[in-house]
Amino acid sequence: QGQLVESGGGSVQAGGSLTLSCAASGMTFSSGMTFSSSGMAWFRQDPGKKRAGIAGFYGDGRSTYAESVKGRFTISKDDAKNTLYLQMNSLKPEDTSMYYCAVRTYGGNYYGYPVLSDHWYNYWGQGTQVTVSS
């Protein structure tokens, strides 16, 4: 029950930009929680490697980023549309990966909690491939 549907992946030249979208639907939240107050994040994973959090939201709307994407990627959301976004600028070949969105629908997502840890989440998107060529 409930799903996250991602879109926007594709191939781009180094230095280019892409915007990823993640639309949530049919999700059940714990009492007092909504999409707007949930924890959510973007992850990426290469074959044989651990899934790594790159950008996330705490429940109060504050964001956090992995050092590798700071200054280049921007996470945002549209609560009215239940949609999460990732704007990726100045893309590098090392950004090539499978990208996933994730949402946590229960508990507290307070500032400082591990929103960039994969074990934090109970809903995951299907993944969308991003390929950056030189």
query: According to the disulfide (SG to SG under 2.5 Å) rule, which pairs have a member within residues 37-100, sequence neighbours left out?
result: none

- request: Spell out, yes or no, whether Leu116 and Val69 are grouped together once hydrophobic residues are joined by side-chain heavy atoms under 4.5 Å, including indirect joins.
  value: no

task: Hey, could you give me each pair passing side chain to side chain donor-acceptor pair (under 3.5 Å) that has a residue in residues 53-66? Not counting sequence neighbours.
output: Asp60-Arg62

message: I want to check something: taking the side chain as every heavy atom from C-beta on, are Leu86 and Thr74 in contact at a cut-off of under 4.5 Å?
response: no

- request: For Lys70, check salt bridge (charged side-chain N to carboxylate O under 4.0 Å, His left out) against everything at least two apart and list the hits.
  value: Glu67

query: Mind checking what makes salt bridge (charged side-chain N to carboxylate O under 4.0 Å, His left out) contact with Asp79, not counting sequence neighbours?
result: Lys77

query: Is there a path from Phe29 to Leu84 through hydrophobic residues (I, L, V, M, F, W, Y) whose side chains come within less than 4.5 Å of each other?
result: yes

- prompt: Is the closest side-chain donor-acceptor distance between Asn109 and Trp120 under 3.5 Å?
  reply: yes

field: Check: Val115 and Tyr121 side chains under 4.5 Å, non-hydrogen atoms
entry: yes

- request: Not counting sequence neighbours, which residues clear ring-ring contact (aromatic ring centres under 6.0 Å, His included) with Tyr110? List them please.
  value: Tyr113

query: What residues, two or more places apart in sequence or in another chain, satisfy side-chain contact (heavy atoms from CB on, under 4.5 Å) together with Ser133?
result: Gln13

Partners passing side-chain hydrogen bond (donor to acceptor under 3.5 Å, both in side chains) against Ser117 (at least two apart in sequence or in another chain): none

Side chains of residues 17-25: which donor-acceptor pairs under 3.5 Å do they make with residues two or more places apart or in other chains?
| residue | atom | partner | partner atom | Å |
| --- | --- | --- | --- | --- |
| Ser17 | OG | Asn89 | OD1 | 2.9 |
| Thr19 | OG1 | Gln87 | OE1 | 2.4 |

Considering only distance and modelled atom types, tabulate donor-acceptor pairs under 3.5 Å from the side chains of residues 38-45, sequence neighbours left out.
| residue | atom | partner | partner atom | Å |
| --- | --- | --- | --- | --- |
| Ser38 | OG | Phe35 | O | 2.9 |
| Trp42 | NE1 | Tyr85 | O | 3.1 |
| Arg44 | NH1 | Asp95 | OD1 | 2.9 |
| Arg44 | NH1 | Tyr99 | OH | 2.9 |
| Gln45 | OE1 | Arg51 | NE | 3.0 |
| Gln45 | OE1 | Arg51 | NH2 | 3.1 |
| Gln45 | NE2 | Lys49 | O | 2.9 |

task: Please report the closest heavy-atom contact between Ser134 and Ala14, naming both atoms and the distance.
output: CA-CB, 4.3 Å

For a quick test of your reading: what N or O donor-acceptor pairs under 3.5 Å do the side chains of residues 2-12 make, sequence neighbours left out?
| residue | atom | partner | partner atom | Å |
| --- | --- | --- | --- | --- |
| Glu6 | OE1 | Gln126 | N | 3.1 |
| Glu6 | OE1 | Gly127 | N | 2.4 |
| Glu6 | OE2 | Cys101 | N | 2.5 |

- request: Check step by step if side-chain hydrogen bond (donor to acceptor under 3.5 Å, both in side chains) holds for Thr83 and Asp78.
  value: CA-CA 5 Å; Thr83 301; Asp78 186 333; over 6 Å; no

query: With Ala52, which residues qualify under side-chain contact (heavy atoms from CB on, under 4.5 Å), at least two apart?
result: none

message: With disulfide (SG to SG under 2.5 Å) as the rule and sequence neighbours excluded, what pairs involving residues 105-134 come up?
response: none

message: Give me the atom names and distance for the closest heavy-atom approach of Thr105 to Met33.
response: O-SD, 3.4 Å

- prompt: Among the clusters formed by ILVMFWY side chains lying less than 4.5 Å apart, do Phe73 and Met98 turn up in the same one?
  reply: no

